[in-house]
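A quick write-up on the structure given underneath.
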Amino acid sequence: MKTKLAIGLAALALVFAGVAAADTTGTALTLNPVSHGAQSHANWQAQEGRPDSQGSANQALVLEAPGTPDTSAVALFRGFEDVRIRDLVALGYEHRVPGTCTPTDPRWTIFIRGRSGHTWLVNLGCAVTPARPTDDPHWIHRVFTLSVIQAQIAKQVPKASDALNGTVGDLALVVDRSKGPAYLDNIEVRSHTANKVWTYAGDNGIGVPGGPPDLSADELASIAAPIAADALRDEADVLASITPEEQALIDESNAATD
């Protein structure tokens, strides 16, 4: 357990060290809000968030859905495809209080392309990871480090080794099961090969070539399916419950060189 905590603290140090970082590769890294169904909203709103990297609009990303079937508010990320799971460093954001933060919403949804070619789904919900204070009491930081992501893969995926040795397919933030808006800011995706923090819509830079992307019909069906029970457990409980066999799978994936 101490080893897992040490790894998590080291990853957090990397996260905080570069909170204002932009793209670190030549690939366009974008965040694309998209909503599905009536009364669903996904958009950046001025004067609802933290200070932006430029200007004074203080935008926040607002995701809101009515919690009814076939509705969702999503932030879909582009540019992180094919990043190896073991190369992820952290997924994080700040959320405003009051505002939605439950074990299911908003949740990071990682579509993992396994080594076999099969696609696996892993969910990382807001309230299952500890709240961390910011310099504003109305904003709370939540972050999933690699050790937590790998532990959740080991628990949520039937063939964990396949997913642990896989790559990112699609990556999204999803709100679809809780009523009320989620206000998000300083949204960060960090890996050893690509890093980005979004503070407002303009952080997309040149925008999205070819128009705004969306999840596929199969992906939408996957996020609407029941969420694994382990995905709703507190982070500390998940880390403490990792078996020696599961830890061996994680260690094996970290040691891989392909």
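Fair warning: this is a prediction, and the values are worked out from it, not measured in the lab.
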Quick one: [atom1] on [X] to [atom2] on [Y], what's the gap to the nearest 0.5 Å?
X    : Y    : atom1 : atom2 : result
N123 : T109 : CG    : OG1   : 4.5 Å
N165 : T167 : CG    : OG1   : 10.5 Å
L171 : I112 : CG    : CD1   : 10.0 Å
R113 : T119 : CZ    : OG1   : 6.5 Å
E245 : S161 : CD    : OG    : 13.5 Å
L184 : E94  : CG    : CD    : 10.0 Å

For residues 246-256, the salt bridge (Lys or Arg N to Asp or Glu O under 4.0 Å) pairs (sequence neighbours left out) are K155-E246
Can you tell which of [options] makes a side chain to side chain contact (heavy atoms under 4.5 Å, CB included) with [X]?
X    : options          : answer
Y93  : V189, D185, L173 : L173
R177 : T100, D105, T68  : D105
I149 : L91, V122, L164  : L91

For the side chain of [X] and the backbone of [Y], is there at least one donor-acceptor N/O pair under 3.5 Å apart?
X    : Y    : result
T129 : F144 : no
D136 : H138 : yes
D87  : V83  : no
R142 : H95  : no
D52  : Q59  : yes
T30  : N32  : no
D162 : R115 : yes
Q47  : S56  : yes

Path from [X] to [Y] over hydrophobic side-chain contacts below 4.5 Å:
X    : Y    : value
L124 : I227 : no
Y183 : L31  : no
V62  : I140 : no
L146 : V157 : yes
Y200 : W139 : no

(message) When you compare the side chain of D135 with that of R50, does any pair of heavy atoms fall below 4.5 Å?
(response) yes
Looking at side-chain heavy atoms only, is the closest gap between P51 and N58 below 4.5 Å?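 A side-chain contact exists here, since the closest heavy-atom pair is under 4.5 Å.
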Which atoms form the tightest heavy-atom contact between [X] and [Y], and what is the distance?
X    : Y    : value
I153 : A163 : CG2-CB, 3.7 Å
A231 : V128 : O-CG1, 3.6 Å
A38  : P66  : O-CG, 3.6 Å
A201 : W44  : CB-CD1, 3.5 Å
S241 : V238 : OG-O, 2.9 Å
A65  : A73  : CB-N, 4.1 Å

Taking CG in D70 as the centre, count heavy atoms belonging to other residues, nucleotides or ligands within less than 6.0 Å. Is the count above 12?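 Result for CG/D70: open.
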Would you indicate whether Q54, at its atom CD, is surrounded by more than 12 heavy atoms from other residues, nucleotides or ligands within a distance under 6.0 Å?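 It does not: Q54 CD has 12 such atoms or fewer within range.
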message: By the definition side chain to side chain donor-acceptor pair (under 3.5 Å), identify the one residue from D203, N186, N204 that meets it with W198.
response: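 Exactly one pass, corresponding to N204.
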**Prompt:** H36 and D176: side chain to side chain donor-acceptor pair (under 3.5 Å), yes or no, with the steps?
**Reply:** CA-CA 9 Å; H36 309 97; D176 64 352; over 6 Å; no
- Can you list the residues that meet the side-chain hydrogen bond (donor to acceptor under 3.5 Å, both in side chains) rule with Q150, with sequence neighbours excluded?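 If we apply the side-chain hydrogen bond (donor to acceptor under 3.5 Å, both in side chains) test to Q150, skipping adjacent residues, the hits are N254.
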Would you call the rings of H118 and W120 parallel, tilted or perpendicular, taking 30° and 60° as the class edges? tilted
Under a side-chain separation threshold of 4.5 Å, the hydrophobic residues clustered together with V34 are V74, L76, F111, L121, V174, L215, L220, I223
Salt bridge check: are R96 and E48 linked by an N-O gap of less than 4.0 Å?
yes
